[in-house]
Amino acid sequence: MQQYMKTDHFEKGEYLFRENDPADRILIIRSGRIKIGRVDSDGNERILDILHGGEVIWDSLTEGQTVFPYSAAALTEVDLCMIDGETFM
């Protein structure tokens, strides 16, 4: 499986992806904390979850969605592995 993984690093405050970006990959958090959120109709951010090392973002792919229904931003420095969705499925 490692042959299909790519690694990436994000600084605190950087977005891994934004709401409505293509949901075309699986993200495995190696270290750090990530805020999952959405913007409501009034323009206010709603935090849905805080993820940390060992957790995976893949629900959009497994639910057949073509775009991410939320944004993900680094709360700390983040290291992660990514697997292309087509490789996984």
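Values reported hereafter were calculated over all heavy atoms of this structure, with side chains retained and with hydrogens, waters and symmetry mates removed.
Cluster note: Val39 groups with no other residue, as no ILVMFWY side-chain heavy atom lies under 4.5 Å from it. The hydrophobic cluster containing Leu75 also includes Ile47, Ile50, under a criterion of side-chain heavy atoms closer than 4.5 Å among ILVMFWY residues, counted directly or through chains of members.
Looking at residues two or more places apart in sequence or on another chain, you find a side chain to side chain donor-acceptor pair (under 3.5 Å) between Glu77 and His9. Residues meeting the side-chain contact (heavy atoms from CB on, under 4.5 Å) test with Thr7, sequence neighbours left out: Arg30, Cys81. In this view, Glu45 and Lys35 satisfy the salt bridge (Lys or Arg N to Asp or Glu O under 4.0 Å) rule, not counting sequence neighbours. Every side-chain contact (heavy atoms from CB on, under 4.5 Å) that Asn20 has, sequence neighbours left out, goes to Val67. Partners of Ser31 according to the side-chain contact (heavy atoms from CB on, under 4.5 Å) rule, which considers only residues two or more places apart in sequence or in another chain, are Asp79. Partners of Arg46 under the side chain to side chain donor-acceptor pair (under 3.5 Å) rule, at least two apart in sequence or in another chain, are Asp40.
Within the 4.5 Å cutoff, no side-chain heavy atoms of Val56 are placed close to those of Leu51. The closest side-chain heavy-atom distance from Met82 to Asp8 is below 4.5 Å. With a 4.5 Å cut-off on side-chain heavy atoms, Arg38 and Phe68 do not count as touching. Between Arg25 and Trp58 there is no side-chain heavy-atom pair separated by less than 4.5 Å. Using a 4.5 Å heavy-atom threshold, the side chains of Phe10 and Tyr15 count as separate. Contact of the Ile57 side chain with the Ile36 side chain is registered, since non-hydrogen atoms from C-beta on lie closer than 4.5 Å.
Distance alone, capped at 3.5 Å, is enough to place a donor-acceptor pair between the Ser71 side chain and the Glu19 backbone.
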Original post:
Yes or no on side-chain contact (heavy atoms from CB on, under 4.5 Å) for Asp84 and Ile26, after CA distance, side-chain angles and deciding distance?
Top reply: CA-CA 6 Å; Asp84 181 87; Ile26 296 167; over 6 Å; no
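Atom OG1 in Thr76 sits 8.0 Å away from atom CD1 in Ile34 (nearest 0.5 Å).
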